[in-house]
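The next block holds one structure in the form of structure tokens; read it before the comments.
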Amino acid sequence: QYSKVKTKIFAATSLDDEWATPKSRNEFMKYYSNAEVHLIDIDPKRYGSNSIGHMGYFKKNAQPIWQSIIQTLESILNKEQKCATE
């Protein structure tokens with residue numbers, strides 16, 4: 001059924017996530033052969049942290065991570081909209 005998915009997928013993973021590693025995410029996303037997949041790696045060091053792990057996104061100090069993810073998604077979507085109008 002994966003090949004029936006034809007929407008954009010944004011798959012973000014922390015580089016230090018031991019449960020959903022970037023490698024496993026990448027392997028899993030290969031099954032979405034007809035979807036436009038954007039892989040986003042989140043480096044904890046970029047946010048002054050040694051660890052985000054699997055659940056760190058939901059801690060109080062994670063707001064900068066979410067702001068950065070939103071900016072990344074907006075940037076991708078804006079580039080696509082710009083290309084579509086040219």
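- At least one donor-acceptor pair closer than 3.5 Å links the side chain of D16 to the backbone N or O of I52.
- Nearest heavy atom pair, residue I65 against residue Y57, reads CG2-CD2, 4.1 Å.
- For the atom pair K4 NZ and S33 OG, the distance stands at 12.0 Å (nearest 0.5 Å).
- Remark: D41 engages R25 in a salt bridge (Lys or Arg N to Asp or Glu O under 4.0 Å) (not counting sequence neighbours).
- Following chains of ILVMFWY side-chain contacts shorter than 4.5 Å, one cannot reach L73 starting from I9, and the two form parts of different hydrophobic clusters.
- Counting all heavy atoms, side chain and backbone alike, G53 lies closest to S14 at O-CB, 3.8 Å.
- Annotation: side chain to side chain donor-acceptor pair (under 3.5 Å) contacts involving residues 70-79, sequence neighbours excluded, are absent.
- Residues forming a ring-ring contact (aromatic ring centres under 6.0 Å, His included) with F28 (at least two apart in sequence, or on another chain): Y2, Y32.
- Connection of I40 to W66 is established within a shared hydrophobic cluster, with ILVMFWY side chains joined at heavy-atom distances below 4.5 Å, either directly or through further cluster members.
- For the pair W19 and D17, the tightest heavy-atom approach, listed with the atom from each and the gap, is N-OD1, 2.8 Å.
- Hydrophobic clustering of Ile, Leu, Val, Met, Phe, Trp and Tyr side chains at less than 4.5 Å, counting indirect connections, unites Y31 with L39.
- For T21, the side chain to side chain contact (heavy atoms under 4.5 Å, CB included) criterion is met by K23, S24, not counting sequence neighbours.
- Considering only heavy atoms from C-beta on, R46 comes within 4.5 Å of S68 through its side chain.
- Residues I69 and Y47 fall within the same hydrophobic cluster, defined by Ile, Leu, Val, Met, Phe, Trp and Tyr side chains chained together at heavy-atom separations under 4.5 Å.
- Atoms OG1 and CD1, from T13 and I42 in turn, are 7.0 Å apart once rounded to the nearest 0.5 Å.
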- [ ] Might you work through the side chain to side chain contact (heavy atoms under 4.5 Å, CB included) test for V5 and N34, ending with a clear yes or no?
- [x] CA-CA 6 Å; V5 176; N34 290 310; over 6 Å; no
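- The environment of CG in N50 is sparse: at most 12 heavy-atom neighbours from other residues, nucleotides or ligands sit within 6.0 Å.
- Counting Ile, Leu, Val, Met, Phe, Trp and Tyr side chains that sit under 4.5 Å apart, directly or through other members, I70 stands alone, with no cluster partners.
- Scanning for side chain to side chain contact (heavy atoms under 4.5 Å, CB included) contacts around H38 gives F10, E36, I76, E80, with sequence neighbours left out.
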